[in-house]
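First comes the structure, then the notes that go with it.
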Amino acid sequence: MDPKTEHKWQERWAEEGIFEPGIDPGKRKYLITVPYPYANDSLHVGHGRTYSTADIVARFHRIMGENVLFPMAFHQSGTPILAFARRMASGDRDIRELYREHLKEYLGSAKEIENTLDSFTEPAAIADFFSNVIINDFKKLGFSIDWSRQFNTAEEIYQKFVTWQFHRLNDAGLIKKGSYPILFCNEEGNAVGEDDIRDGDVDKVSIEELTVVIFKGKSVSLAAASLRPETIYGTTNVWISPEGEYVKCSWNGASIVISRNALEKLSQQGISVDDPEPISARELVRHEFEVPLTGSRVKLFESTFVEPAFGTGIVYSVPGHSIWDFAALQESGVGLHPIKIIDVVSGSETVESLVESLKISGTRDKVKLEEATQIVYKSEFYQGKMNSLNGPYSGLTVTEAREKIRADLVRDGSAFSMYETSRPAQTRTGYPVIVAVMKDQWFIDYSAPWLKEKAHKLVEGMSFYPDQYKKSMHEVIDWLRERPCARKRGLGTRFPFDNQWVIESLSDSTIYPALYTCIVPIRKIHSKLGDVPPEIFDHIFLGKPLKDKHGCSGEIEEASRLFKYWYGVDIRITAIPHFSNHLAFYLMNHAALFPADRYPGAIAISGLVTSQGAKISKSKGNVVSLTKISGKYTADIYRLFMAVSADTSSVVDWNETDLASVRKKYDQFVNLVEEFHHPPEKRKGSFAQDWFEASFRQRLSSFKENMEKMRVRDGVVSVFFDVMNDLRKAEAMGADRNNLFSSILSEWLIAISCAIPHTAESLWQKHFPGMGLVSSAILGTEGVSEKDRELIESEAYLQGIIEDVREIGRVTGRTYSRLELRVSGAEHLAIAKAIISGKTETLSPSQRKVIGDFMKVRKNVRIHDFDEYTSLRQGKEILEKSLGLEVSISRSVPTQTDKNPWPGRPLIFLS
RNA sequence: GCGGAGGUAGCCGAGCCAGGUCAAAGGCGACAGACUCAAGAUCUGUUUCCGCAGGGAUACGCCGGUUCGAAUCCGGCCCUCCGCACCA
């Protein structure tokens, strides 16, 4: 198979429109979806896997006679495309160079590339370009996608749909407003996402909550920030930075000292600090301050490890439980001693033991200090108990004490909360990233009990592949809280209740599969009216009565019919990273908006793809783009590889060694089928022929069963590899290949067309000309008969005997010329049955003498449904052929005390 | 830490839910033989150890338990992977 031939078939499929189904009341409908890709880049072999799996499943359901719809669309909402366009517009040379290289895969001339790069200052141009790349890649892989229904999330029509959806969520009381901490850049006046932060993708920035504790002094108080308020009883002193700029300001009636950097953060977080005045904090050094709750007095000292830019630029020192404080104290030489206030399980690392084992030399040893801090934090936080020095908090666990002490400090007016980034961070343009609290953040309230209850019911009623994910989904639903659903920037749909906001990009992608069903007539409505009013969506999707048809009654009714016929989604296949976010929202929104008969039917999880043993990433240089696949390997090899190299949910590794072996098998298959000639007349069945046909029916039925249960690998293995092995076996048993083929070839090609459709089409055309396309053929329904099972069992019985004979030959190391087989008769059968059922008392005394002989071989005794003697007679030639021995068979030998034939285990004599 | 999944022969990977028919499917790799001048491809066989008649011993992360019987059930331990949110 070459890419050109593959292309030819793709064009045929498109011409005949066989993947663009309409309503067919005579067939069961099957709607299969995969989350749409984000159109900011081309896709690689990893992305292709989910779609490959989906296409194999789609094609399977098609050959099972179902009316299959496999649609797709493109995601353009959110910040990445926008950020990319901005960088291009800013004239960033690095990114231009990067994409110049990248575009060479898709565009021929340098001029074309430069023009395209120029156009990338517009987000829409980026999205369009990569959407087209993806479409082309997918077409070249032979995916049976209905392209007539594609759309993208930047289209007005999509945004009308999302707007409608948000109105309905609001009607259900699920849209809420509240305050929420986010990453923010004051200089740019923007919320910042991962892509806006320098190294944000490799070194994630998260938000941490600090407790700012007020240490009262004579004229001013110190506001010291801590991640661990529970350590307050271990305070020995307070630290400030000798290099920091500090200000005095008023908070809650008190005069407090904080770093200049903290001012802006606090105001962004809605904490009011007024009248800031510069103060020379050094003057306060060695002054005494009062520790809240404990009432003890501690002094202020300087240490360079304190970062003015972190928190308030002031920290209180707990050398008993903080490595930094311990190291700083040792350096300072002020002669204070650590106070131990937390007990940990014996054997756990402590501040002192870590300083020793890690050889920490001082506060400059930042990397080791960080590592040690993590270790101490974990063991104290999860196992620690407050000891008797903690006043009323003695005996509490660290977790409990933290909450209680924080609450008590806040109630007392001795503390407030502030947020801080988990590491110092800058935007790509170099401005600091801080945490701001948005007072009017919009949420979707996924915590609503009625919604959770509905969602649990929905989950209970659907299938998950693998099954264990059903349990996980129940847990995810329990865990969901309010989700911020709008942002101040990014592409997407305007938030309908507040124009300043844009709907966040996962929140706009929940029930959109509904749109696939009827996008065509809705487009018509939109082009007629220049709008799609919400009540039309209400009518189409929720069946609400519609008075004013806006002159589009035909289109509206068409859309309603389509939606009713196709929706819900029968299966949605997606990679695991979508599980606890996208899939959860997908299910929650369906539960919130649709009646139960429109709920999703199943979710299948597709595993990750690695490349040459490593996670696929640009930095590792192991990205293999989908564009190269069809040319370099052919679509069918890719598809077959994805199907058979691992179970749907487990990891597939893309590497040349495994690819080569799949290719080898594939070549074998093609050669076999190409050499086939229809025999002039079908020969009368031999044992081998009958067995092969029976076995094929069993392979086919196992294929169907596995595919139904989304075990694509097992399914394809049984219909591809196993049938080829059977074929070889049957030939070895003396059957004629063409004869074997002629009885199964058409069904075989139809089944195999799911995985390798192009190859199947070519072979189909060659051997069954004039019978249409294999892609639209339907598999027969014949199952496995009792007779088939007997044949299969009887062949396995023959194989067992062949193995036994071989083993004897191997062990004795001799060669033989004759094989005599003695099969058990009626008497042996009766004795065996009696022993097995424990009714030995029914046996005669002479019969009882053979029980010992039976027990020796009982492991191998099997009472078959077929007659062993007849089977051996039928298989005589096969035995002779495979063993190269002259074979004689006898039955009903009299019982003896030492050696008897038993059911399933004839006596073997070699000479 | 919490939640989830998992550790099976040289490798990948079934089996485990419903304990015996499991020395454990299938694939890859390796080895031997056939074919060939040769290589490749293909076919046949072998691939834990012992065994001159189809057998035995030891094995499914480690330790222990239940059972006549455990890869499969239970408990403990060790290790690996995934998710832990506003990010697509």
Side-chain angles (χ1 to χ4, degrees), chain A residues 35 37-41 75-81 180-183 191 193-197 200-201 204-207 377-379 381-383 399 441 443-444 446 466-469 471-473 475-476 478-487 490 504-507 509 576-582 584-585 605 607-608 644-647 649-653 655 657-658 660-662 664-665 667-668 671 711 713-714 717-718 721-722 725 728 731-732 800-814 816 856-862 882 899 904-910:
Chain A
Y38 193 69
N40 70 330
D41 203 346
H75 198 201
Q76 304 187 3
S77 316
T79 49
I81 291 180
Y180 197 78
I182 56 161
L183 295 174
E194 190 178 290
D195 345 272
D196 306 313
I197 297 171
D201 45 347
K204 269 201 164 187
V205 178
S206 55
I207 294 172
Y377 184 92
K378 277 202 171 171
S379 85
F381 182 63
Y382 296 112
Q383 301 162 14
T399 338
Q441 173 68 51
F443 296 90
I444 297 179
Y446 288 130
D467 191 46
Q468 71 233 23
Y469 284 107
K471 203 177 146 217
S472 305
M473 187 52 84
E475 275 156 10
V476 169
D478 282 333
W479 162 85
L480 282 173
R481 306 194 304 254
E482 293 87 357
R483 177 185 169 84
C485 61
R487 310 185 69 186
E504 178 274 328
S505 61
L506 281 181
S507 302
S509 307
I576 188 69
H578 288 135
F579 193 78
S580 61
N581 42 57
H582 166 69
F585 305 150
I605 299 300
L608 287 175
V644 301
S645 37
D647 208 48
S649 63
S650 50
V651 179
V652 161
D653 187 56
N655 65 75
T657 316
D658 290 347
S661 60
V662 168
K664 203 167 90 181
K665 283 283 166 189
D667 287 341
Q668 268 176 37
N671 290 336
R711 294 190 297 244
R713 175 176 178 268
D714 294 344
V717 164
S718 49
F721 294 101
D722 290 351
N725 287 344
R728 208 161 58 199
E731 269 193 291
I801 288 166
I802 290 172
E803 267 165 44
D804 281 351
V805 172
R806 280 202 180 120
E807 188 175 352
I808 294 167
R810 211 171 28 248
V811 170
T812 60
R814 290 168 55 191
Y816 301 93
K856 271 191 247 166
V857 299
R858 67 186 183 284
K859 271 175 79 177
N860 296 310
V861 172
R862 193 138 326 130
S882 349
K899 249 178 179 269
R905 195 189 144 97
L907 278 183
I908 295 169
F909 290 100
L910 283 166

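Chain A is the first sequence line, chain B the second, and so forth, proteins listed ahead of strands; every chain is numbered from 1. All values below were derived from every heavy atom in this structure, side-chain atoms included, with hydrogens, water molecules and symmetry-related copies excluded.
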Could you list, one pair per line, each protein nitrogen or oxygen that sits under 3.5 Å from a nitrogen or oxygen of nucleotides 10-15 of chain B, together with the distance?
| from | atom 1 | to | atom 2 | distance (Å) |
| --- | --- | --- | --- | --- |
| B:G13 | O2' | A:Arg713 | NH2 | 3.4 |

Give me the distances for all protein-to-nucleotides 41-45 of chain B N/O pairs that come in under 3.5 Å?
| from | atom 1 | to | atom 2 | distance (Å) |
| --- | --- | --- | --- | --- |
| B:U42 | OP1 | A:Gln668 | NE2 | 2.7 |
| B:C43 | OP1 | A:Arg728 | NH1 | 2.8 |
| B:U44 | OP2 | A:Arg728 | NE | 3.4 |

Side chain to side chain donor-acceptor pair (under 3.5 Å) involving [X] - partner list, sequence neighbours excluded:
| X | result |
| --- | --- |
| A:Asp804 | none |
| A:Arg728 | A:Asn725 |
| A:Glu731 | A:Arg737 |

Between A:Ser505 and B:A88, does any side-chain N or O lie under 4.0 Å from OP1 or OP2?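 A:Ser505 to B:A88 OP1/OP2: side-chain N or O found under 4.0 Å.
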NE2 (A:His578) and CZ (A:Phe585) are apart, to the nearest 0.5 Å, by 11.5 Å
Residue met sooner reading RNA chain B from 5', once A:Leu480 and A:Tyr816 are mapped to nucleotides: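 It is A:Tyr816, whose closest nucleotide lies nearer the 5' terminus.
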Name the nucleic acid region contacted by A:His75, choosing base, sugar-phosphate or nothing; use a 4.0 angstrom heavy-atom cut-off, strictly under. sugar-phosphate
Considering only side-chain heavy atoms of A:Val811, which listed nucleotide, B:G27, B:A53, B:G83, is closest?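 Per side-chain heavy atoms of A:Val811, the pick is B:A53.
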From B:G83, B:C86, B:G26, pick the nucleotide closest to the side chain of A:Arg487?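 Of the options given, the side chain of A:Arg487 lies nearest B:C86.
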Under a 3.5 Å limit for both distances, which nucleotide forms a Watson-Crick or G-U wobble pair with B:C16, could you say?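 Its partner: none found.
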Set of salt bridge (Lys or Arg N to Asp or Glu O under 4.0 Å) partners for A:Arg483, sequence neighbours left out: A:Glu504
